[in-house]
Amino acid sequence: MRAQFWKTVKMAVSEVSSNKMFGGFQKVFSHESTWLKCKMNFGVYLPPQAESGKCPVLYWLSGLTCTEQNFVTKACAQRAAAEHGIIIIAPDTSPRGCNIEGEEDGWDFGTGAGFYVNATEDKWKTNYRMYSYVTEELPSVVNSNFPVDSDRQSVFGHSMGGHGALICYLKNPGKYRSVSAFAPICNPISCPWGQKAFSGYLGSNQETWKEYDASELVKKYQGPPVDILIDQGTADNFLPAGQLLPDNFVAACAESKVPVVLRMQEGYDHSYYFMASFMDDHIKHHAKHLKA
Ligand SMILES: N[C@@H](CCC(=O)N[C@@H](CS)C(=O)NCC(=O)O)C(=O)O
């Protein structure tokens, strides 16, 4: 029998599903989140290399309306993760079932739309703390339950989660080795989705919003050299709708001399079909940094 030393650690998680894939396992676990005060699911892809030793870890943050299932079933990330020996963690996008009035009223706020911020408004602040959940609680759960090399972690994501990845990276210099995003909401304080979410979770003082806006945060970034990769489809209908604003982020990066590669991908939309098409590139980008 192969060594599975990490299974001796006390498990604070319970397995929901497990499917062998590319020699490793795509699993889903649930746990009781202390920070969010509810039960949360997260996906874990364990590459074959995780059977015999520790592997670097890549956190994926999904977009509006998603659960952990969207990435697990539609992103086509497992083949490259197996090839490079990287564990991928894919959490849900918000707390669920907290019985907060208005939580289920729309698809772009409340359930499925946590925006990776720590809410400060009374109604939301007890549960909607996705920033601390993905940067602190979840990594400690993951590090204590899976064969993770915790010094080697990176983050990427899509849309709301692409922005989440950028802010997790920019707010924590040195914590993540690399960052990338698909069609991120680059400047939430200047777009309808972001303005709705930030006014709801953070209140009316727009100065506090800047602490969670990548185009603002990059202007004051001081940390290790950055190598940001962003893919954006030209046929993404949220681009002309002014929700994504990649040019604002690129301009802010130029102002602060932070290098960024924005690739405009001809004819691709906002969907997981688009992301699946470039997923290998993103995992290769992270592998370069995680294994350096
Ligand atoms: N409300 C629309 C748009 C929401 C949307 O496009 N969400 C993106 C993230 S911003 C997504 O990943 N949807 C789930 C999927 O495509 O699997 C819908 O529910 O389809």
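All residue numbers in this chain count up from 1 along the given sequence. Both counts, for ligands and for their atoms, begin at 1 and track the order of listing. Please read these numbers as outputs of a predicted model, since none were measured by experiment.
Residue W193 has no N or O atom closer than 3.5 Å to an N or O atom of ligand 1. Backbone and side-chain nitrogen or oxygen atoms of M275 are examined, and none is located within less than 3.5 angstrom of a nitrogen or oxygen of ligand 1. Considering backbone and side-chain N/O of K74, one or more are found under 3.5 Å from N/O of ligand 1.
For the 3.5 Å distance criterion, the side chains of S132 and E137 fail to qualify, holding no donor opposite an acceptor.
Contacts of M160 with ligand 1, taken as heavy-atom pairs under 4.0 Å, are absent altogether.
C66 SG, 3.3 Å is the protein heavy atom nearest to atom 12 (O) of ligand 1. Of all protein heavy atoms, the one lying nearest to atom 4 (C) of ligand 1 is W107 CZ3, 3.7 Å. The single protein non-hydrogen atom nearest to atom 10 (S) of ligand 1 is S159 OG, 3.1 Å, given as residue, atom name and distance. In terms of protein heavy-atom proximity, atom 6 (O) of ligand 1 is closest to F238 CE1, 3.7 Å. With respect to atom 7 (N) of ligand 1, the closest heavy atom belonging to the protein is L64 O, 3.0 Å. If you check which protein heavy atom lies closest to atom 13 (N) of ligand 1, you get T65 OG1, 3.5 Å.
Salt bridge annotation for E103-K123: absent, with no cationic side-chain nitrogen under 4.0 angstrom from a carboxylate oxygen. Between R152 and D149 a salt bridge is recorded (basic side-chain N to carboxylate O distance below 4.0 Å).
Below 4.0 Å from some heavy atom of N70 lie the following atoms of ligand 1, by number and element: 14 (C), 15 (C), 17 (O). Near G63, meaning under 4.0 Å from one of its heavy atoms, ligand 1 places the atoms 9 (C). For ligand 1, the atoms closer than 4.0 angstrom to any heavy atom of H270 are 6 (O), 10 (S).
Atom 18 (C) of ligand 1 is never approached by the protein to below 4.0 angstrom, counting heavy atoms only. Within a 4.0 Å radius of atom 1 (N) of ligand 1, the protein contributes at least one heavy atom.
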